[in-house]
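Computed from a predicted structure; not experimentally measured.
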Amino acid sequence: MTDPTPPVLQIRDLTIGLKAGPALVRDLTLEIAAGETLCVVGESGSGKSLTSLAVMGLLDREALEIRGGTIGVAGEDVLAATPKRLREMRGGVMSMVFQEPMTALNPVEPVGAQVEEVLRLHGERNAARRRARVLEMLAEVHLPEPERIYRSYSHELSGGQRQRVVICMALVMRPRLLIADEPTTALDVTTQKQILALIDELKARTGTAVLFITHDFGVVSEIADRICVMNRGDVVETGTRDQVLSAPRHDYTRMLVASVPGLVPPPARAVGRDVALKVDALAKTYGARGMFGRGRRVQALRPSGFALHRGEIVGIVGESGSGKTTMARCLSRLIQPTAGRIELEGRDISGLRERALRESRRNLQVVFQDPFRSLNARMKVRDLICEGMINYAVPRASAHARAGALLERVGLGRDALDRYPHQFSGGQRQRICIARALALDPSVLIADEAVSALDVSVQRQVLDLLASLRDERDIAILFITHDLRVAAQICDRILVMKAGEVVEQGPAARVLTAPDHPYTRDLLAAAPGRDWDFANFRPQRATAAPAHG
Amino acid sequence: MMPPARSLAPALPVHAVPASLLRRAAGNWTVTLAATVLGLMVAAAVFAPLLSSHSPLDISPTTRIKPPSAAFWFGTDMLGRDIYTRVLYGARTSLVVGVVAAVLSIALGLVFGLLAGYFRLLDAILMRIMDGIMSVPSIVLAVALVAVAGSSLGTVLVAIVIPEFPRVVRLVRGVILNARTEPYVEAAISMGTPLPRLLWLHMIPNTVAPLIVQGSFILASAILTEAALSFLGVGLPAEVPSWGNIMSDGRKFFQMLPGLIFFPGIFLALTVLSINLIGDVLRDALDPRLARRR
């Protein structure tokens, strides 16, 4: 670097390993200058979070060891620092923002006091000055009514507000280095956009160096000055944002960038006219019947309706709390809807009791979000896949044969039959879940955030699998996601939900290019990476260069 | 884009547990010692008639309150009964009471816990009843039961199980409530798995580990409770050799012959201590989350 000032963060040849085990980060070298954002990108297990913890001196010393290298923050060697000095540096010279703002804040203390505590620990003795500084800082992260926020508890704030408080806490001492570990991953896209803008703004104003850790190239394209790509503990490639995104040198980077979902819908296809699932005025109200007086009522799902045809993938897109999962749970009758009709293969299942419902359950199967909890860890894959068939009196021998065939269909070998779920990766488990759902030959498959927990490269493969199953089996898929970009990949039609209501529905191409509802337009505008055509390694529009600095 | 929930992965699959259990147990000398002591107690209980030439009930007016000797290893009590023999047979009583009480509490707790955990309507009613039972002082209950039904093994078991099993109900109910929200249970429901199979395959296995641990603690506490009740005279009939009864008999002559209290006391303490030590290790092995916190 030709920069005259020394870099704020300088890591040289850092190697971190399990004690008496393999290295998890190898020979990592990177530096960040003041006022610069470096994005460390990688899939799960790439070592990006370990690196950030090492910088903060927060590695679990019982399990991990630093085998070599140096970490310098503002010219000071972190690895040689005493625990006391490290405590002073944390919050003062360097600070960190974590992924989940709910757990980063103490639930039993007002957030203002928590921010103030940082100042107190770093030697500000005057209470009035502390308070003034906190209020000033709360205003700086654009929280409305700083006085009110100061007195609020974390549960009284929204996710975005909480993350603003956490950022406020991290920046109140004006640290030289801010480490943000997936700070927007748990937030909705519209909130994510605001938080990214906030980090960018504060960085520009205060000249803080930002180490931003993320798995999402969309976010990277919005915020990075430079990018460092990691894979299984190795730095694969480092370069400026435009270099890496438009001309990746390494194959792994190319693959990673190319599998980032964009907002370009697939070409429209002819869809069958056989209705598999018809939903009419479906509603769910949660009413807490209090012992004294009337309880609070929450309308999780306002009367909504749509039809799902065979051979079609319909996406339900919405932010958290939009009612999309309530919809899925009503349709699969895991909960009882309050009103409305659910016609599955011509039979209204909305009010059926469990015994009568059983015959229809096989027609509608669900794939859940979390591949680690949706398979019973105590059962072999064979028994997992056969469970449904055995329930419907399929002879054991033919169920076993079919389980093998299904596993091969979803891209796993028959040898997987005798193994347990923990022996598989997330993507493989999700394939097992899909095979299990297909075992009953359902006409409707609900995929509830089924690819949300997967790395992008794996996500791509599972999406392809779903699309090919739709074509091959003429199955109707209801694809629920919070990510418009993922929906854009495979959906024929898209429903947009907000606050328990379907605000817009139509063919994917129309919804994505000419949205009717302002909320859909907001969602589109907030989708990270919308200015970048990742698949073709070029900016989406001529004017795409985002405002920086 | 939700975070991969790897940290939330369910506890180890069952088939992985015994190996880690053995490894932990083997490396821990306190457990080896505890298991040896407990093994000796079980052997004493099983082979009591072979280990002593006396009978625990033989009264001998000529050899009353004798100190330990070659003929009477632990001495004799005020009726001339051999303390050593009575303590051996006492192990039998204590272990039988403990094991039966633990098994009964677990069985009752499992049944009511499943009902309360799975059927929301029953839950409120059952749990209020459990709260009610738990509010009755166990000693008062035992005294009342003995007054009504007379002292016998059955009465003592009822007096131990009734205060003990609501705790198991709470435990099982909690596990089942948790399991109900697991996606794999919801997947099974949407695959049409009938209720008995749902409980058997997907829910009850989750209760096994906590129940084994809870069972070991109930075992220890039941042995203690029986001893306490017998000592107070509201436990087993006075002639039955039980550690509590022996100590109760020896109370008046304690100053002349401390062994009357000392020998049954040390057996009782060693047994309960061993069981608790083993229970602690079981808990650490079966619940990795608790072990890590230490």
Side-chain angles (χ1 to χ4, degrees), chain A residues 44 99-100 182 184-186 189 192 215-216 218-219 329 332-334 354 357-362 364-379 383-384 387-392 420-422 426 433 436-437 439-440 446 448-449 452-455 481-483 485-486 528, chain B residues 1-20 118-121 123-125 127-128 175-176 178-210 286 288 291-294:
Chain A
S44 42
Q99 175 171 327
E100 183 47 73
E182 305 263 11
T184 58
T185 306
V189 273
Q192 163 167 287
H215 66 282
D216 188 342
V219 171
R329 292 170 63 83
S332 53
R333 280 300 313 275
L334 289 168
E354 194 56 44
L357 186 59
R358 222 176 140 244
E359 209 27 62
S360 289
R361 282 212 183 272
R362 60 186 308 171
L364 186 146
Q365 290 297 301
V366 191
V367 177
F368 294 92
Q369 168 173 358
D370 186 342
F372 291 87
R373 285 166 60 198
S374 49
L375 296 172
N376 188 341
R378 296 180 173 87
M379 290 167 71
D383 300 323
L384 287 165
E387 183 176 354
M389 293 189 275
I390 305 261
N391 289 341
Y392 290 98
Y420 286 91
H422 72 270
C433 291
R436 175 175 67 176
L440 288 173
I446 298 182
D448 187 359
E449 300 275 10
S452 303
L454 306 177
D455 286 327
T481 178
H482 66 284
D483 192 339
R485 298 172 298 169
V486 175
Chain B
M1 268 196 319
M2 290 294 133
R6 233 149 273 194
S7 55
L8 296 175
L12 293 171
V14 219
H15 62 92
V17 166
S20 74
Y118 199 84
F119 299 101
R120 307 303 296 138
L121 278 177
D123 183 35
I125 302 165
M127 292 322 285
R128 292 304 77 73
V175 172
I176 297 296
N178 259 333
R180 271 170 72 97
T181 62
E182 286 293 323
Y184 68 81
V185 172
E186 300 199 327
I189 294 174
S190 56
M191 277 187 297
T193 305
L195 183 59
R197 201 180 302 167
L198 189 74
L199 291 174
W200 181 248
L201 268 182
H202 299 293
M203 296 205 172
I204 292 179
N206 290 312
T207 66
V208 172
L286 293 173
R292 217 174 300 138
R293 215 179 289 151
R294 298 204 307 169

Distance, nearest 0.5 Å, that separates [atom1] of [X] from [atom2] of [Y]:
{"X": "A/Arg358", "Y": "B/Thr193", "atom1": "CZ", "atom2": "OG1", "answer": "8.0 Å"}
{"X": "B/Met191", "Y": "A/Arg361", "atom1": "CE", "atom2": "CZ", "answer": "11.0 Å"}
{"X": "A/Arg378", "Y": "B/Tyr184", "atom1": "CZ", "atom2": "OH", "answer": "6.0 Å"}

(Q) Counting heavy-atom pairs under 4.5 Å with chain B, which one of A/Arg329, A/Glu182, A/Arg362 comes out on top? (A)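 The answer is A/Arg329.
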Identify the two heavy atoms, one from [X] and one from [Y], that lie closest to each other, and give their separation to 0.1 Å.
{"X": "A/Gln365", "Y": "B/Ser190", "value": "NE2-O, 2.9 Å"}
{"X": "A/Ser374", "Y": "B/Ala187", "value": "O-CB, 4.5 Å"}
{"X": "B/His202", "Y": "A/Asn376", "value": "ND1-ND2, 2.9 Å"}

Q: Can you sort out the partners of B/Asn178 under side chain to side chain donor-acceptor pair (under 3.5 Å), two or more places apart, ordered by chain and number?
A: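 So B/Asn178 forms no side chain to side chain donor-acceptor pair (under 3.5 Å) with any residue.
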Q) A/Glu100: what forms a side chain to side chain donor-acceptor pair (under 3.5 Å) with it, not counting sequence neighbours? A)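 Counting only residues at least two positions away or on another chain, A/Glu100 forms no side chain to side chain donor-acceptor pair (under 3.5 Å).
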Q) Side chain, backbone, both or neither: which part of A/Leu357 has a heavy atom under 4.5 Å from chain B? A)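 Neither part, no heavy atoms under 4.5 Å.
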Q | chain B contact via A/Met389 - which portion, at a heavy-atom distance below 4.5 Å | A |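 Nothing of A/Met389, per the 4.5 Å heavy-atom cut-off to chain B.
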Q. Side chain, backbone, both or neither: which part of B/Leu195 has an atom under 4.5 Å from a heavy atom of chain A?
A.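 Looking at B/Leu195, nothing touches chain A.
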Q.
Looking at B/Arg197 and A/Glu387, is there a salt bridge between them, counting it only when a charged N and a carboxylate O are closer than 4.0 Å?
A.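 Salt bridge: no.
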**Q.** Heavy-atom side-chain contact between A/Asn391 and B/Pro194 under 4.5 Å
**A.**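 Result yes, sub-4.5 Å side-chain heavy-atom pair found.
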